[in-house]
Amino acid sequence: MTFGGNMKKNLIEELRWRGMLHDLMPHTEEQLQKEMTTGYIGFDPTASSLHIGNLVQIMLLKHLQLAGHKPIALVGGATGMIGDPSGKSAERQMLSEETLQKNIDGVRKQLANFLDFDCGENSAELLNNYDWFKDFNLLQFLREVGKHITVNYMMAKDSVKNRLESGISFTEFSYQLFQGYDFYWLYKNKNCKLQMGGSDQWGNMTTGSELIRRKDSGEAYVVTSHLITKSDGTKFGKSEQGNVWLDPKMTSPYKFYQFWLNVDDKDLPKLLRFFTLFSKEEIENWEKEYATNPNALKKILAEDVTRRVHSEEALKEAQKASDLLFGKSTWTDFENTEEALLQEVFDALPPQCVKTFSTTDFESFATNYDLISQVMNTSKGDIRRLVKDNGISINKDKVTHTQGDAKPEYKFLKDKYLLLQKGKKEYFVVIIEN
RNA sequence: GGGGAGAUUCCAGAGCGGCCAAAUGGGAAGGACUGUAAAUCCUUUGUCUUACGACUUCGCAGGUUCGAAUCCUGCUCUCCCCA
């Protein structure tokens with residue numbers, strides 16, 4: 001039951017025990033056992049970076065490759081221009097071509113990080129469907145694609161059905177044909193027989209399989225994964241600031257690491273299985289060992305994901321920052337930290353949380369309220385409220401109302417840093433430069 | 001082309017001449033309790049201000065009125081129904 005002697009794992013089994021498998025077409029397993037199979041997942045460039053939600057799909061491709069098959073990551077340069085109606089209750093805004101191009105570039109770069117592109121016959125490939133759609137004219141499309149799929153079939157898809165009340169444009173209605181043709185094209189040109197994706201993509205994906213059957217009487221398979229949701233039912237991957245992105249410029253590795261440390265206990269079993277590559281035994285052993293210490297598990301999770309998405313160095317920095325910024329760190333801890341390390345820690349903070357002032361600029365703040373609202377970029381009323389609720393600290397000391405109106409007078413850390421906190425978790429740093 | 005409904009603060013959604021900076025819910029923020037968790041509780045959620053109050057908001061532009069989110073006129077946009 002091996003092929004080429006290099007089969008490592010049964011993909012479907014792997015996805016099953018991880019709880020990722022949602023649905024698959026009949027005979028998919030046989031196909032995967034029979035030979036090295038090429039499978040693809042499409043990513044629409046709706047933003048200039050992928051986010052944590054997309055990471056599940058990336059993991060699918062990763063598992064595919066680890067099981068000895070060949071993954072293709074497809075950037076939807078063409079389909080992104082149309083807009084997938086799946087899961088959307090209203091017509092979406094079209095992106096300008098300029099934004100789209102920027103997004104495609106960003107997404108391409110990230111995808112390239114996760115897969116092995118140089119490991120022999122099952123090396124990964126990165127493609128853009130714009131390449132085969134750009135010269136495809138409308139008449140050709142209608143004759144070659146449209147003719148094979150009935151409107152009845154298309155209307156039966158949930159993504160379309162759900163929109164019949166609220167309205168759906170022809171553009172979004174036709175989305176599934178484009179995605180379907182992607183699959184067909186890959187089938188013809190890359191011998192791709194498998195498409196994977198989130199469970200919300202089932203409808204779109206089966207259209208492709210259908211097209212392959214009708215046009216070529218070919219067999220092509222579809223596997224879907226569960227969409228990751230939080231135990232409280234809200235959307236996963238949103239933090240206070242919105243989406244958690246994979247781009248370090250949009251979500252700093254520090255924030256990223258913190259995100260995983262802060263997940264709900266109840267989500268841990270699922271997250272460890274979805275987002276790490278550890279084996280069943282490893283995960284189960286840890287869960288036994290740390291049954292009463294979920295923070296240890298979170299650390300394992302956060303470390304692994306941060307390392308793979310960013311890098312070992314980024315992880316180290318994020319951890320250094322976390323150690324200093326959290327826990328029981330005191331003012332003296334900061335003073336005793338050498339400057340180079342402090343610098344690193346502050347670098348790990350999101351850029352908007354670090355402000356540099358000249359001495360004269362700093363002198364020009366009449367009150368602490370002025371200073372704080374400037375640094376934290378919030379209204380003074382807000383800061384007053386926070387101070388009233390004990391929510392602001394400077395240099396690890398709570399700011400009181402009377403202090404708030406006083407002129408800022410501080411002992412600077414290493415003669416140049418001032419440490420502000422909003423709540424317990426959010427740090428801001430002022431750097432004084434001459 | 002004809003007819004109807006609607007546009008309110010981050011979102012949903014009340015208000016339908018003064019007591020409206022605008023109910024309620026959600027979200028978000030801070031605090032307490034903890035484990036940088038969850039649940040719970042408390043507070044806050046237009047701007048400024050020594051919270052007394054001042055100023056700017058209810059699709060856009062005008063108008064009526066002592067006074068408008070609320071009434072009138074025009075415009076823009078969205079949705080529904082009929083052709």
Side-chain angles (χ1 to χ4, degrees), chain A residues 88-94 162-169 172 229-244 252-272 287 290-303 305-306 315 318-330 333 345 348-350 352-353 366-370 372-394 396-407 420-428:
Chain A
K88 295 278 183 294
S89 55
E91 192 80 8
R92 59 167 79 187
Q93 199 61 41
M94 281 213 278
N162 294 340
R163 288 277 293 279
L164 288 181
E165 279 290 310
S166 61
I168 180 169
S169 68
E172 287 194 17
T229 50
K230 292 206 284 187
S231 55
D232 59 10
T234 58
K235 215 171 172 184
F236 179 81
K238 300 265 181 189
S239 74
E240 312 81 60
Q241 280 90 7
N243 262 323
V244 177
S252 71
Y254 163 76
K255 281 264 166 202
F256 186 85
Y257 179 74
Q258 284 288 325
F259 170 82
W260 295 100
L261 280 189
N262 280 310
V263 297
D264 192 330
D265 289 5
K266 283 181 289 207
D267 291 323
L268 260 175
K270 190 160 54 179
L271 297 179
L272 281 166
E287 283 176 343
Y290 299 119
T292 55
N293 183 6
N295 278 347
L297 288 173
K298 286 184 196 177
K299 202 159 176 232
I300 292 171
L301 173 70
E303 279 180 11
V305 182
T306 308
L315 167 66
Q319 283 184 315
K320 271 184 215 158
S322 299
D323 285 346
L324 195 57
L325 263 25
F326 284 94
K328 301 153 276 299
S329 73
T330 60
D333 289 337
V345 169
L349 291 173
Q352 66 274 18
C353 296
T367 66
N368 276 310
Y369 282 138
D370 290 330
I372 298 165
S373 76
Q374 174 80 220
V375 172
M376 301 194 181
N377 198 20
T378 24
S379 69
K380 268 188 224 172
D382 248 333
I383 298 298
R384 270 169 209 282
R385 256 175 253 122
L386 286 165
V387 165
K388 208 177 87 191
D389 290 340
N390 250 330
I392 301 282
S393 314
I394 294 185
K396 287 279 173 180
D397 266 336
K398 295 284 183 201
V399 175
T400 63
H401 181 58
T402 33
Q403 275 174 300
D405 278 321
K407 191 160 169 62
L420 320 217
Q421 269 171 285
K422 176 175 163 227
K424 290 184 264 217
K425 295 196 196 172
E426 218 171 329
Y427 276 83
F428 295 84

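A note on names: the letters A, B, ... follow the listed sequences, proteins ahead of strands, and every chain is numbered from 1. Note that the coordinates shown come from a computational prediction; the quantities given were computed from them, not determined experimentally.
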What's touching nucleotides 43-46 of chain B from the protein side, N or O pairs under 3.5 Å?
from	atom 1	to	atom 2	distance (Å)
B/rU44	O2'	A/Arg385	NE	3.3

For [X] and [N], give me the distance from atom [atom1] to atom [atom2], rounded to whole Å.
X: A/Leu386; N: B/rA51; atom1: CG; atom2: P; value: 16 Å
X: A/Lys425; N: B/rA29; atom1: NZ; atom2: P; value: 9 Å
X: A/Asn262; N: B/rU34; atom1: CG; atom2: P; value: 18 Å
X: A/Leu301; N: B/rU36; atom1: CG; atom2: P; value: 17 Å
X: A/Asp264; N: B/rU36; atom1: CG; atom2: C1'; value: 14 Å
X: A/Lys298; N: B/rG35; atom1: NZ; atom2: P; value: 12 Å
X: A/Leu271; N: B/rA37; atom1: CG; atom2: C1'; value: 13 Å
X: A/Gln421; N: B/rA29; atom1: CD; atom2: C1'; value: 16 Å

Partner nucleotide of [N] by Watson-Crick or wobble geometry (both distances under 3.5 Å):
N: B/rA39; answer: none
N: B/rG27; answer: B/rU45
N: B/rA21; answer: none
N: B/rG6; answer: B/rC77
N: B/rG1; answer: B/rC82
N: B/rG62; answer: B/rC72
N: B/rU56; answer: none

Output all residues satisfying side-chain hydrogen bond (donor to acceptor under 3.5 Å, both in side chains) with [X], sequence neighbours left out; order by chain, then residue number.
X: A/Tyr254; value: none
X: A/Thr367; value: A/Asp370
X: A/Arg385; value: A/Asp382
X: A/Lys299; value: none

Spacing of CG belonging to A/Leu297 relative to CH2 belonging to A/Trp260, to within rounding of 0.5 Å: 14.0 Å
If we take the [atom1] atom in both [N] and [M], what is their distance in whole Å?
N: B/rU50; M: B/rA32; atom1: C1'; result: 28 Å
N: B/rG74; M: B/rG26; atom1: C1'; result: 37 Å
N: B/rG46; M: B/rA23; atom1: P; result: 9 Å
N: B/rU34; M: B/rA38; atom1: P; result: 15 Å
N: B/rA61; M: B/rC66; atom1: P; result: 24 Å
N: B/rU45; M: B/rC20; atom1: P; result: 16 Å
N: B/rC79; M: B/rU57; atom1: C1'; result: 26 Å
N: B/rC48; M: B/rA21; atom1: C1'; result: 14 Å

Excluding sequence neighbours, so at least two apart, what forms ring pair (Phe, Tyr, Trp, His ring centres under 6.0 Å) with A/Phe428? none
Any A/Lys422 side-chain heavy atom under 4.5 Å of A/Thr378 side chain: no
Less than 4.5 Å apart, side chain to side chain, heavy atoms only: is that true for A/Asp265 and A/Lys298? yes
As a test of reading the structure: which of [options] is closest to the side chain of [X], going by heavy atoms?
X: A/Glu426; options: B/rU36, B/rA38, B/rG30; answer: B/rG30
X: A/Gln258; options: B/rA38, B/rU49, B/rU36; answer: B/rU36
X: A/Ser322; options: B/rA38, B/rG30, B/rU36; answer: B/rU36

Side-chain donor or acceptor of [X] under 3.5 Å from a matching atom on the base of [N]?
X: A/Asn390; N: B/rG31; answer: no
X: A/Lys424; N: B/rU34; answer: yes
X: A/Asp265; N: B/rG35; answer: yes

Select base, sugar-phosphate, or nothing to describe what A/Leu261 touches, counting heavy atoms under 4.0 Å on all strands. base
Going through the checks in order, is the side chain to side chain contact (heavy atoms under 4.5 Å, CB included) test met by A/Gln352 and A/Asn377? CA-CA 9 Å; A/Gln352 66 274 18; A/Asn377 198 20; over 6 Å; no
A/Asp397 and A/Gln403: CA distance, side-chain angles, deciding distance, side chain to side chain contact (heavy atoms under 4.5 Å, CB included) verdict: CA-CA 11 Å; A/Asp397 266 336; A/Gln403 275 174 300; 5.7 Å; no
Would you mind telling me which residue lines up with the more 5' stretch of RNA chain B, A/Tyr369 or A/Tyr257, judged by nearest nucleotide? A/Tyr257
Result for 5'-nearest mapping on RNA chain B, choosing between A/Gly423 and A/Arg384, is A/Gly423
